[in-house]
*Asks:* 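I have a structure here, written as structure tokens, and I will follow up with some questions on it.
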Amino acid sequence: KYNSSIASYNEEKTLLYENFQDKQLQVQILQAESSFQLEQTNYEKELELFQLNISTESRFDAAKNRLTNAKANLDLAKLALDKSNAISDQIKLNSLKNMMEINGYYLELASLDLDQSQVRSPFKGIVSKKKIEKGGFINKGQELLEIMDISKVLAQINIPENKIRFIKIGSMVNVTFDAVPGKTYT
């Protein structure tokens, strides 16, 4: 009876160790997946900025390298899990539940990061002044652009006396601006 108790204890201890080891590997994969997704998003943003000549080539290359490293880390974490010992179905089910919960947290964090990394204007308009330089760093709350609301524009114009007879109060006119070529406003 004593030997069977020891054997049962050792089996339970081994199962717990395998479960712990497997969970560690799963968390590493989750972290690696989250890191990969984040770096993939950063790479895509940096690529777009680079193509628009807003970012520098070195920042684009750094984003590309971080993405490659994140992918390699993800592949290594998955390989380590594949080589780990098998565990019972119940433990696997619990691990999957934990992974879903952790992924939910990572998704929330990624959503927050995305929300905080986007620049939004409070209204539609035209950029009238850029207050940052290409490749420069920005701080939270720093003004990046000046935007003009052009939904309603009050224009003061000079009309020659010989043309004033063609203009009546309430008449519709077409207005063009050198600053906005090819666009006509009514």
Side-chain angles (χ1 to χ4, degrees), residues 1-122 127 130-145 147:
K1 187 172 183 176
Y2 178 75
N3 285 341
S4 68
S5 294
I6 292 176
S8 176
Y9 171 76
N10 285 337
E11 288 173 6
E12 190 175 324
K13 184 177 171 185
T14 301
L15 185 60
L16 286 172
Y17 177 75
E18 288 173 355
N19 183 25
F20 175 75
Q21 187 178 28
D22 207 57
K23 283 188 178 186
Q24 277 185 317
L25 292 171
Q26 290 170 354
V27 168
Q28 288 174 358
I29 287 175
L30 290 173
Q31 290 172 333
E33 285 175 339
S34 176
S35 177
F36 175 73
Q37 290 171 354
L38 176 64
E39 292 305 335
Q40 189 169 18
T41 300
N42 288 341
Y43 170 78
E44 291 168 3
K45 288 178 191 175
E46 201 61 42
L47 175 62
E48 183 178 337
L49 293 174
F50 180 70
Q51 289 172 339
L52 294 171
N53 291 326
I54 296 174
S55 181
T56 63
E57 185 173 351
S58 63
R59 288 177 59 101
F60 170 72
D61 288 341
K64 189 174 172 181
N65 288 337
R66 286 191 305 270
L67 176 62
T68 302
N69 289 339
K71 176 66 172 142
N73 288 336
L74 177 58
D75 291 343
L76 286 173
K78 286 181 178 180
L79 183 62
L81 182 61
D82 290 341
K83 290 184 176 183
S84 72
N85 296 328
I87 57 175
S88 72
D89 289 341
Q90 184 61 41
I91 292 174
K92 287 181 182 180
L93 179 61
N94 290 339
S95 294
L96 290 173
K97 287 179 183 176
N98 291 338
M99 286 174 54
M100 281 180 50
E101 186 178 346
I102 290 171
N103 278 337
Y105 294 134
Y106 280 126
L107 181 60
E108 287 178 36
L109 287 173
S111 294
L112 287 173
D113 286 344
L114 181 61
D115 287 343
Q116 292 176 357
S117 67
Q118 293 179 349
V119 177
R120 295 182 186 102
S121 172
V127 175
K130 290 179 12 178
K131 295 187 174 188
I132 56 169
E133 295 297 322
K134 177 180 172 182
F137 291 96
I138 59 172
N139 297 312
K140 184 177 182 177
Q142 179 181 350
E143 286 187 16
L144 307 176
L145 308 165
I147 302 173

*Asks:* Under 3.5 Å, is there a donor on one side chain and an acceptor on the other for Glu39 and Tyr43?
*Replies:*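 Looking only at side-chain atoms, Tyr43 and Glu39 do not form any donor-acceptor pair under 3.5 Å.
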*Asks:* After noting the C-alpha distance and the side-chain angles of Glu33 and Lys78, does the key distance pass the side-chain contact (heavy atoms from CB on, under 4.5 Å) rule?
*Replies:* CA-CA 10 Å; Glu33 285 175 339; Lys78 286 181 178 180; 4.0 Å; yes
*Asks:* To the nearest 0.5 Å, tell me how far Asp75 CG sits from Leu79 CG.
*Replies:*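 Separation between the atoms: 8.5 Å.
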*Asks:* Passes side-chain contact (heavy atoms from CB on, under 4.5 Å), Leu47 versus Gln51? Steps please.
*Replies:* CA-CA 6 Å; Leu47 175 62; Gln51 289 172 339; 3.6 Å; yes
*Asks:* Can you tell me how far the OG atom of Ser58 sits from the CG atom of Asn65, to the nearest 0.5 Å?
*Replies:*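 Answer for the OG-CG pair, Ser58 versus Asn65, is 11.0 Å.
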*Asks:* Tell me whether the count of non-hydrogen atoms from other residues, nucleotides or ligands lying under 6.0 Å of NZ in Lys130 goes above 12.
*Replies:*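 Atom NZ in Lys130 is not crowded, with 12 or fewer foreign heavy atoms closer than 6.0 Å.
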*Asks:* Which is it for Lys131 and Leu144 under the side-chain contact (heavy atoms from CB on, under 4.5 Å) test, yes or no, and what are the steps along the way?
*Replies:* CA-CA 5 Å; Lys131 295 187 174 188; Leu144 307 176; 5.9 Å; no
*Asks:* Kindly check if the number of other-residue, nucleotide or ligand heavy atoms within 6.0 Å of NZ (Lys45) is above 12?
*Replies:*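 Enclosed: over 12 neighbouring heavy atoms sit under 6.0 Å from NZ of Lys45.
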*Asks:* Between Ser34 (side chain only) and Leu30 (backbone N and O only), is there a donor and an acceptor less than 3.5 Å apart?
*Replies:*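 Here the side-chain-to-backbone pair does not exist.
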*Asks:* With heavy-atom distances below 4.5 Å as the criterion, would you say the side chains of Phe60 and Leu49 are in contact?
*Replies:*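 With C-beta onward as the side chain, the pair stays apart.
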*Asks:* Starting at CD of Gln37, measure out to CG of Leu74 and round the result to the nearest 0.5 Å.
*Replies:*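 Taking CD in Gln37 and CG in Leu74, the distance rounds to 9.0 Å.
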*Asks:* For the CD1 atom of Ile102 and the NZ atom of Lys23, what is their distance to the nearest 0.5 Å?
*Replies:*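 Rounded to the nearest 0.5 Å, the CD1-NZ separation comes to 9.0 Å.
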*Asks:* Under the 3.5 angstrom rule, does the side chain of Gln142 hit a backbone N or O of Asn139 as a donor-acceptor pair?
*Replies:*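 Pair found, side chain donor or acceptor close to backbone of Asn139.
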*Asks:* Are more than 12 heavy atoms from other residues, nucleotides or ligands located less than 6.0 Å from atom CD of Glu44?
*Replies:*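 Enclosed.
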*Asks:* What is the distance from atom CZ of Phe50 to atom CG of Asp61, rounded to the nearest 0.5 Å?
*Replies:*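 That separation rounds to 7.5 Å.
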*Asks:* Once you round to the nearest 0.5 Å, how far does CG of Asn42 lie from CZ of Arg66?
*Replies:*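 Between atom CG of Asn42 and atom CZ of Arg66 there are 6.5 Å.
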*Asks:* Is it the case that the side chain of Ser35 and the backbone of Gln31 share a donor-acceptor pair, with hydrogens and angles ignored and the cut-off at 3.5 Å?
*Replies:*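 No.
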